[in-house]
Undergrad: 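This structure is in structure tokens; I'll ask about it shortly.
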2 protein chains.
Amino acid sequence: MEHNGQQVGRPRDSRVDEAITAAVQELLSEVGYAGLTVAAVAERAGIGKASIYRRYATKHEMIFAAIIHGEVLEVPPDTGSLLEDLTALARVIVGHLSNPAAAGALMSLLGEIAADPTLAERFTTTFVEPERAGNAELLERAVRRGELERLPDMDLFHAMFGGTVLSWLFISHHDPHDLPERLARFACAALRSTAHQPLPSN
Amino acid sequence: MEHNGQQVGRPRDSRVDEAITAAVQELLSEVGYAGLTVAAVAERAGIGKASIYRRYATKHEMIFAAIIHGEVLEVPPDTGSLLEDLTALARVIVGHLSNPAAAGALMSLLGEIAADPTLAERFTTTFVEPERAGNAELLERAVRRGELERLPDMDLFHAMFGGTVLSWLFISHHDPHDLPERLARFACAALRSTAHQPLPSN
DNA sequence: ACCCTTTCGAGACTGCAGTTTCGAAACTAT
DNA sequence: ATAGTTTCGAAACTGCAGTCTCGAAAGGGT
């Protein structure tokens, strides 16, 4: 019998995992999402395709894993001001989404996600939830600081903040240069306003 | 020589165009974006695949054309209230984006657009510009009505409003049921606030 | 030592879907 | 009529995702 959770058989070579994610990231920036082939990834990584499919069920999952590799969306440090905190947050998001390779990949991935509940689930727990929590943490700081009376509609705020950046970059195709300042000012004004009149219509 | 703008050669059969868009729309709602194949479209339309590729450079363009077929994003009628106008606008957007078929198609298309400037250009003039103009018209009504002192940062507002719906549906995967009311209330508060203190930090 | 299991790289194989080619048909101009 | 051009549907072509097999290697259990 086996001793504990130890696996029998030859253990996986962690360098293979790294080689795969590295190859995907490289090729993603070279040929883009649409031009990326599993065979090319295997060749670039110096491994067999079987080693890829032993880890990921589909090509999309492989790319997904490579994209999120170490992509922890960290909350910017406390600046002491809600406006500046939001500006910093917007800058982080813009920074992550400005990488043109990851950009197209993310959108294509969202297309896949719309048709694949499993992938959607993973995407939510990996990306959406942590980011939402980060947003909440940032706003809680403002509440503790006294800048806001209470937390706003967090679901809405989260969708609004990230969604605005997304739309700005990939739908409007505007220059992200001064987006952080403009968005932060807008969001800040909205937050202060809604916090004081939380349910104006009822 | 040719007489006027008349084309020489066999004229295109307009029924082919209609058959294509109809087949795409049907199949899109039956099998979704990922499951849609050009062969299936051709078969359903009773035509050859060449007739499709003579009209559209890629499968994505074909789907894009079928989706936007007659999909003019109309501005909701004047309700006499900014809040209700925004609610109606949000409902229109949610309505358009709630079709699960169009959902995946739009996101996949955005992925294509990120790597195809030609497609991006067409998408902008066909979708983005008219929608932005519609948003502006709705806000101008509020200004004329006296609810707002001036138009806000329209680039930002447009990205915010549509982007929030997009993120809400396709990233957060929340129920769109009460989104229009919540978004409209949020946007309304923000607009009134920013309009009264347009440049608070300078 | 000897088995058993699993991973490894390599490559062949399969099935499908996007794209192109082809001969026939439809139309205009001369 | 005839030539030239373009569209038509059918079928062939191409390329890739995904699967499978192979012999070798790396572990652990007994």
Side-chain angles (χ1 to χ4, degrees), chain A residues 1-20 22-24 27-28 31-66 105 108-109 111-112 115-116 118-119, chain B residues 1-20 23-24 27-28 30-66 104-105 108-109 111-112 115-116 119:
Chain A
M1 71 180 71
E2 77 229 32
H3 243 275
N4 47 20
Q6 287 289 83
Q7 315 244 357
V8 301
R10 176 175 177 172
R12 286 197 182 169
D13 188 343
S14 63
R15 289 171 309 178
V16 171
D17 298 75
E18 296 162 15
I20 293 175
V24 171
L27 288 168
L28 220 44
V31 300
Y33 190 99
L36 188 143
T37 69
V38 176
V41 172
E43 188 186 10
R44 175 70 62 100
I47 61 172
K49 285 199 291 179
S51 296
I52 291 177
Y53 281 100
R54 204 170 290 113
R55 289 166 170 75
Y56 310 107
T58 68
K59 169 188 166 185
H60 301 291
E61 289 210 23
M62 173 191 72
I63 298 177
F64 175 66
S108 296
L109 190 64
E112 291 298 317
D116 182 346
T118 304
L119 205 57
Chain B
M1 72 180 73
E2 79 227 29
H3 242 275
N4 48 19
Q6 287 286 84
Q7 313 250 354
V8 301
R10 177 174 177 171
R12 284 197 182 170
D13 188 343
S14 64
R15 290 172 308 179
V16 172
D17 297 74
E18 295 162 16
I20 293 174
V24 171
L27 289 168
L28 221 42
E30 288 175 20
V31 300
Y33 188 99
L36 188 143
T37 68
V38 176
V41 172
E43 189 186 11
R44 175 71 62 99
I47 60 171
K49 288 195 277 184
S51 297
I52 292 177
Y53 282 99
R54 200 167 296 109
R55 290 165 170 76
Y56 310 107
T58 68
K59 171 187 166 187
H60 300 292
E61 287 209 26
M62 173 191 73
I63 299 176
F64 175 63
S108 297
L109 190 64
E112 293 296 316
D116 184 346
L119 202 58

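Just so we're clear, the structure is a prediction, and the values are computed from it rather than from any experiment.
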Undergrad: Is there side-chain contact between B/Ile63 and B/Tyr56, with at least one heavy-atom pair below 4.5 Å?
TA: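 Answer no - side chains too far apart.
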
Undergrad: Under 4.0 Å between any heavy atoms, over every strand shown, what does B/Ile52 touch: base, sugar-phosphate, or nothing? Just pick one.
TA: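 B/Ile52: no heavy atom of the nucleic acid under 4.0 Å.
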
Undergrad: Heavy atoms, side chains only, cut-off 4.5 Å: are B/Thr58 and B/Met62 in contact?
TA: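 They are not in side-chain contact.
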
Undergrad: Is there a side-chain polar atom (N or O) of A/Thr37 under 4.0 Å from OP1 or OP2 of D/dC16?
TA: no

Undergrad: Is the closest basic N to carboxylate O distance between B/Glu43 and B/Lys49 below 4.0 Å?
TA: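 Looking at B/Lys49 together with B/Glu43, the answer is no, because their closest N to O distance does not fall below 4.0 Å.
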
Undergrad: Let me know the distance between CZ of A/Arg44 and C1' of C/dA10, rounded to the nearest Å.
TA: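 About 19 Å, once rounded to whole Å.
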
Undergrad: Just the rounded figure in Å: distance from P of D/dG18 to CG of A/Leu36.
TA: 12 Å

Undergrad: Given atom CD1 of A/Ile63 and atom C1' of D/dA17, what is their separation to the nearest angstrom?
TA: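 Distance, rounded to whole Å: 11 Å.
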
Undergrad: Measure from the side chain of B/Pro11, starting at C-beta and using heavy atoms only, and say which of C/dC27, D/dG9, D/dT19 lies closest.
TA: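 Nearest to the side chain of B/Pro11 among the choices is C/dC27.
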
Undergrad: Of the listed nucleotides (C/dG18, C/dT5, D/dT6), which one gets closest to any side-chain atom of B/Val38?
TA: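 Of the options given, the side chain of B/Val38 lies nearest C/dG18.
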
Undergrad: Taking only the side-chain heavy atoms of B/Ala50 (C-beta and beyond), determine which of D/dA10, C/dG18, D/dT19 contains the nearest atom.
TA: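 That would be D/dA10.
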
Undergrad: Counting C-beta onward and ignoring hydrogens, is there a side-chain heavy-atom pair between B/Leu36 and B/Lys59 closer than 4.5 Å?
TA: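 Heavy-atom side-chain distance check passes, below 4.5 Å.
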
Undergrad: Take the protein atom OH of B/Tyr53 and the nucleotide atom P of D/dT7, then report the distance between them rounded to whole Å.
TA: 17 Å

Undergrad: With sugar-phosphate meaning primed atoms plus P, OP1 and OP2, does A/Arg55 contact a base, only sugar-phosphate, or nothing at under 4.0 Å between heavy atoms?
TA: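 Answer is sugar-phosphate: A/Arg55 comes under 4.0 Å of backbone atoms only.
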
Undergrad: Before accepting this row, confirm whether a basic side-chain N of the pair A/Asp17/A/Arg55 lies closer than 4.0 Å to the acidic partner's carboxylate O.
TA: yes

Undergrad: Name the closest nucleotide to the A/Arg54 side chain, picking from D/dT7, C/dC8, D/dT19.
TA: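 So the nucleotide nearest the side chain must be C/dC8.
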
Undergrad: Can you find a side chain N or O atom of B/Arg12 that sits less than 4.0 Å from OP1 or OP2 on D/dT7?
TA: yes

Undergrad: Take the protein atom CE of A/Met62 and the nucleotide atom P of D/dT19, then report the distance between them rounded to whole Å.
TA: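 Taking atom P of D/dT19 as the reference, CE of A/Met62 is at 13 Å.
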
Undergrad: To the nearest Å, how far apart are A/Ile47 CD1 and C/dT6 P?
TA: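 To the nearest whole Å, that distance equals 20 Å.
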
Undergrad: Does A/Lys49 contact C/dG11 through a side-chain donor or acceptor facing the base, at a distance under 3.5 Å?
TA: no

Undergrad: When you check the phosphate oxygens OP1 and OP2 of C/dG9, does a side-chain N or O of A/Ser51 lie under 4.0 Å from one of them?
TA: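 The answer is yes; a side-chain N or O of A/Ser51 sits under 4.0 Å from OP1 or OP2.
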
Undergrad: How many whole angstroms separate atom CZ of B/Arg15 from atom P of D/dC8?
TA: 10 Å

Undergrad: Between B/Arg10 and C/dT28, is there a contact of a side-chain N or O with OP1 or OP2 at under 4.0 Å?
TA: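 The answer is no; no side-chain N or O of B/Arg10 sits under 4.0 Å from OP1 or OP2.
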
Undergrad: For the pair made of NZ in A/Lys59 and P in D/dC16, what is the distance, rounded to whole Å?
TA: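 Taking NZ of A/Lys59 and P of D/dC16, I get 9 Å after rounding.
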
